[in-house]
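The structure under discussion appears below in the form of C-alpha cells.
Note that this is a predicted model, so its numbers are computed, not measured. Both counts, for ligands and for their atoms, begin at 1 and track the order of listing.
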Amino acid sequence: MPSPTPYTRFQTTLAAVLEKLKPTSEERSLLMEPQHIHQARLPLTRDDGSATEFSAYRVQFNNARGPYKGGIRYHPAADLEEVKALAALMALKTAVVNIPFGGGKGGIQMDPRKLSARELQEVSRAYVRAFQPHLGTDIDVPAPDVNTTADIMAWMRDEYEKLTHSFSPSVITGKPLSYGGSLGRSAATARGGFFILQELIDREALDPQELKVAIQGFGNAGGTMAHLLHNAGFTIVSISDSQGGIYSAEGIDPVRVEKYKRKTGAVAGEYCEGSVCDVQKMKMDGMQHVTNEALLELPCDILIPAALDNVITAENADRIQARTILELANGPTTPEADAILEKKSIRVIPDILANAGGVTVSYFEWVQGRSGEQWTAERVDNELKRIMLEGYKMVRRTAYREKMSYRHAAFAVALRRILAAMKARGWVAS
Ligand code: NAD
C-alpha cells in the first residue's frame, strides 16, 4: 500500500465524516477533490548568473461560499499533495468560522533561506506572473503561510496591480500596515486560539495558574501564543523551535527566550551557547534540553503543536499526557493518532477551528481594503473574539449532540455549510 500523504490523510477524515452526513454521490465527488489545480515552473536567475527553476502551485479547493482564500507556503516539502491538503483545510476553516470565503492554498517548493533578498523578491513576483489570471479580489485571495511574510505580500500585490493596471488592495492579505494591512493580523492566529482556550477553562472553572502548557514551535503562531499565555498566568513548561526545545517544570519566561533567540537564533540556546547546550548551566537553572519529539510527551495540561504537520502519530499518541491539545499548526495529528487520543479522552481542538483566527483577520483586512476603512485594534480584537467563540460553541454543541470528536464536529459544521451553498447555487440537486 502506498504510504499516506497529507492529502490522503485529509481524505480519511473527510470520508469518515461524510459517512455520517450521507451526501449524494454527486455531492461527495465534489467534496473529495479540488476544483482546480494550477502548476508552474518559476525561472530564477541567481545572483551568480546561473539559472534555476522551482515548482509552484495554486490549488483552488472549493469556492461555493466565496472567493478561494489561503496562504502561500515557501518550503522544500511544499509539493502538490501538501498544498492540496492545505487548500482543503482552508475551505473547511472558512466555513467553520462562517466567513464568506472558500478555500485555496499555494506553495513554492524551495528553501527560501538559501535565496538572497533580490532572488526572494524575484521568485515571489514570478509566482504572481504565473498565476495572475486565477487570482483576484473576488476570485482567489492569497495570504502568508510558513516562510512568507508581509513584505512578500506587498511585492505580490504590487506585481498584481502592475500586471492588471488596477488598484487592488484586497487581492492579497497579510500585507504591511503601510500598504493596506490590518491592525492585529500578525497576532491573530494565536489570539484566536487563545480566546478558545480562555472560554474552555472559564467554562470548566479552571485556574490558569495551575495549568502547564507545552508549545512546539516559537514562530508567529507558537511564539505569540507563548506570550499571551504567560501574560494570562499560565505556566509555560516547554517551548521549542527547529533546533530543539527547553523544559522547566517551574515555568519559562517567553520574553527572556525571545531576547536570547534574537541573539543566538535558537530556543535551545536560552541556556546554551548557540546550538550546543551547556548542560551544566541548564541544570543549575532547573532547565533541561528536550527534543521536539520529547516535548510532545511531557507532563502538561495543554499541548500546542504550532510548527509542523504530522507530528502526533500512531507511534507517539499513546504517550501523550496532556488533557487538551490545541492545534495551531495545520495537520499536526494523523487520523490514526486521533483515534488513540479519543480513546484516552484527550480533547483535541482541531486546526480548522483553533488556528482560524489568522484567516478571520485576513477577512477583516479584505473588508477594509474594499471599503477604504482602517479598523481600530480594539474593533479587530472584538470581532475576532465574537467569530472565534461562535465557531467554537457551534463545534462544541455539534460534538455533544452528535457524539463526535471536536475534529469530526468541526468538519461536519463546515461541510454542511459548504453543501448548503452548493445546493443554493444549483451545483447539486437540493
Ligand atoms: P513560522 O515560520 O513563523 O514559525 C514556525 C516555527 O516552527 C519556528 O519557530 C520554527 O523554528 C519551528 N520549526 C520549524 N521546523 C521545526 C521542527 N522540525 N520542529 C519543531 N519546530 C520547528 O510559522 P507560523 O506562521 O508560526 O506557522 C506555524 C504553523 O501554524 C504552520 O503549520 C502554519 O500552517 C500554521 N498556521 C499559521 C498561521 C499564521 O497566521 N501564521 C495561520 C494558520 C495556521
How many angstroms lie between atom NE2 of H75 and atom OG1 of T148, to the nearest 0.5 angstrom?
11.5 Å
Do the rings of F101 and Y363 sit parallel, tilted or perpendicular, given the 30° and 60° boundaries?
perpendicular
Note: R9 and P335 closest approach over all heavy atoms is O-CG, 3.6 Å
Amino acids in close contact with ligand 1, where any non-hydrogen atom sits under 4.0 angstrom away:
R73, D145, V146, R185, T189, G217, F218, G219, N220, A221, D241, S242, N292, A306, A307, L308, L328, A329, N330, N355
N330 side, atom CG; D309 side, atom CG - distance, nearest 0.5 Å:
8.5 Å
For F10 and F61, take the angle between the two ring planes, folded into 0 to 90°, and tell me which bin it lands in: parallel under 30, tilted 30 to 60, perpendicular over 60.
perpendicular
What pairs of residues pass the salt bridge (Lys or Arg N to Asp or Glu O under 4.0 Å) test when at least one of them lies in residues 178-193, not counting sequence neighbours?
R191-D381
